[in-house]
*Asks:* 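My structure is below; once you've seen it, I'll send some questions.
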Amino acid sequence: MLVALAANPRIRRLVQETVGGLPRQFWWLWVSTLVNKLGAFVVTFLALYLTADRGYSASYAGLVASLFGLGSAIAAVGAGVLADRIGRRPTLVAAQLGTALSTAVLGFVHGQVAIAAVAFLVGLCNNATRPATSAIIADLVPAEDRVRAYALNYWAINIGFGLSAAVAGLIATQGYLTLFLLDALSTLVCAVVIFIRIPETRPAQSPTAAKEAGGPAVGLGTVFRDGPFMTVVGLNLLLALIFQQSSTTLPVDMGAAGLTSTEYGLVIGLNGVLIVVLQIPLTRWMEGRSRTGLLIASCLLAGWGFGLAALAGSSAWLFALSVAVWTVGEVLNAPTMMGLVAELAPTHARGRYQGVYSLSWSLASFLGPGVGGVVLEHAGAGVLWGACGVCGTVAALGHVVLGRRNRAAAGAGGATEVPAPAAEPAKAPAGA
């Protein structure tokens, strides 16, 4: 049957249109991402390890998670600067080696202070890979193929994460140390693949070269003063705060409604399954459509998808419907936003721009659990999920305004907003 499908001209054409035309170096990066996420056990099971295996309190586990997020936030900016200054490949390889070492050490250390300090280092090194990886894709892949490339990379992340989460529980029965060491090993393999197969892609080798390439030298302050870009980052922060509730307040609310941890696992597992199933067909559907429209739709689906949880009561099915709706928003948003950030960034400052964009996710991982927990405890689930809907609506309205401003600017320049080919929608700043 598989042979027959492979021989079908239509299937071959669909596969070619989905994965064809991308540089070979991108696929090595894709493979390294998949390998890394297949072994990404520690972040998923860190809280359970600290409470169930080490016997620490839930509040201490929350503190460690916040320190991990703080390290991620610092890395988002610092690694972006390094990716532009010393290069994408050395930054990425160093971050992966640091992640492998600190993850292995985390499995051996004892004591609250030592564990918290090493967890901060794991967050610092782990998130330092994101700006460099995103910049490499922007460097390697032509503009018309970037959204498709980011979608495929996001697909690899979710395939790896889904499979690792499925087997991590079984591995943990042999001892949590095994999880830490396997995670470190997969990250080390990823570093080796990058070092051997991915060339340095940084276009400008110095500020002088940047000017010769047609643009001024860009410092970190320049990025933060870029009003349209920082507006996009701010809107993404709103969306990221919403998504953070999936692993923090959502399980608490479901537990309070009388649902079991097994039911929560099945419901939240639907997110990964749907991403793996829908990412490629939805990416093809997105081709040639207005980026502003896609980002508006993604914000509304995400916000009010979480908002549906207010109506779920004790029904696992309604919680699953909520997850399905906001997952579609996630699939639409992730590659579209990454393509937008790559387009807004000057060629010689892609690392900095990707780093500041990544900062919005890191800040959400640092702030989201605390803010959501306070709202849930003092105002109730209805207010929390309604607030998610409001935040999604505000983000969508922000993209409406940005889209109109871009069309006005384009009109003044004699251009109009049109859908771009090959999954790279219109060039309006509007919001994976």
Side-chain angles (χ1 to χ4, degrees), residues 2 5-6 11-40 79 83 87-97 99-100 126 128-164 185-203 272 275-287 331 334-339 341-343 345 347 350-351 354 358 421-424 432:
L2 291 176
L5 287 174
I11 297 296
R12 287 205 311 270
R13 186 178 69 255
L14 289 174
V15 171
Q16 178 62 28
E17 290 175 355
T18 300
V19 304
L22 297 173
R24 181 170 54 184
Q25 294 92 336
F26 166 80
W27 289 111
W28 281 112
L29 185 66
W30 189 91
V31 168
S32 71
T33 298
L34 179 62
V35 170
N36 195 10
K37 296 305 176 184
L38 283 171
R88 289 37 161 149
R89 187 173 74 160
T91 300
L92 184 53
V93 171
Q96 289 167 338
L97 292 176
T99 301
N126 183 68
T129 63
R130 293 181 63 175
T133 299
S134 298
I136 288 174
I137 294 174
D139 294 339
L140 288 174
V141 179
E144 63 271 15
D145 292 325
R146 278 187 198 137
V147 169
R148 181 160 58 97
Y150 283 121
L152 288 167
N153 192 64
Y154 193 66
W155 192 47
I157 290 171
N158 283 280
I159 291 173
F161 178 79
L163 292 176
S164 70
L185 178 61
S186 71
T187 308
L188 183 61
V189 170
C190 186
V192 172
V193 171
I194 295 296
F195 182 77
I196 294 175
R197 292 295 182 178
I198 305 297
E200 177 53 58
T201 63
R202 181 174 54 138
I275 289 176
V276 171
V277 172
L278 297 178
Q279 185 72 71
I280 299 304
L282 279 181
T283 299
R284 288 183 52 78
W285 174 82
M286 290 158 57
E287 293 179 4
V331 170
T336 308
M337 182 65 87
M338 293 297 292
V341 172
E343 184 176 306
T347 301
R350 283 173 176 155
Q354 293 289 352
S358 178
E424 180 70 357

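Each residue takes its place number in the sequence, starting with 1. Hydrogens, waters and symmetry mates play no part in the numbers below; they use all other heavy atoms, side chains included.
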*Asks:* In Å and rounded to the nearest 0.5 Å, what is the CD1 to OG distance from I136 to S32?
*Replies:* 8.0 Å

*Asks:* Not counting sequence neighbours, which residues clear salt bridge (Lys or Arg N to Asp or Glu O under 4.0 Å) with R130? List them please.
*Replies:* none

*Asks:* For N153, check side chain to side chain contact (heavy atoms under 4.5 Å, CB included) against everything at least two apart and list the hits.
*Replies:* T33, T133, I137, I157

*Asks:* Under the side chain to side chain contact (heavy atoms under 4.5 Å, CB included) test against L140, which residue among Q25, R146, R24 passes?
*Replies:* Q25

*Asks:* Mark yes or no for whether Y154, through its side chain, and V331, through its backbone, hold a donor-acceptor pair below 3.5 Å.
*Replies:* no

*Asks:* Going by heavy atoms in the side chains, are Q96 and T129 under 4.5 Å from each other?
*Replies:* yes

*Asks:* Would a 4.5 Å heavy-atom cut-off, applied to side chains only, mark L152 and V141 as touching?
*Replies:* no

*Asks:* Starting at CG of L29, measure out to SG of C190 and round the result to the nearest 0.5 Å.
*Replies:* 8.0 Å

*Asks:* Which heavy atom of L97 sits nearest to which heavy atom of A191, and what is that distance?
*Replies:* CD2-CB, 4.0 Å

*Asks:* Work out which heavy atom in A156 is nearest to a heavy atom in L34; give both atom names and the distance.
*Replies:* O-CD1, 3.6 Å

*Asks:* Give the intermediate values and the outcome of side chain to side chain contact (heavy atoms under 4.5 Å, CB included) for residues Q279 and V276.
*Replies:* CA-CA 6 Å; Q279 185 72 71; V276 171; over 6 Å; no

*Asks:* With a 4.5 Å cut-off on side-chain heavy atoms, are P90 and E200 touching?
*Replies:* yes

*Asks:* Checking R88 side chain against A83 main chain: does a donor-acceptor pair fall under 3.5 Å?
*Replies:* yes

*Asks:* Is there a donor-acceptor pair under 3.5 Å between the side chain of R89 and the backbone N or O of F195?
*Replies:* yes

*Asks:* Using 0.5 Å steps for rounding, measure from the CZ atom of F26 to the OG1 atom of T201.
*Replies:* 13.0 Å

*Asks:* With a 3.5 Å distance limit and no angle check, can you tell me whether T187 reaches the backbone of A100 through a side-chain donor-acceptor pair?
*Replies:* no

*Asks:* Is Q354 close to M338 at the side-chain level, that is, under 4.5 Å between some pair of heavy atoms?
*Replies:* yes

*Asks:* Which heavy atom in A342 sits nearest to a heavy atom in Y150, and how many Å separate them?
*Replies:* CB-OH, 3.7 Å

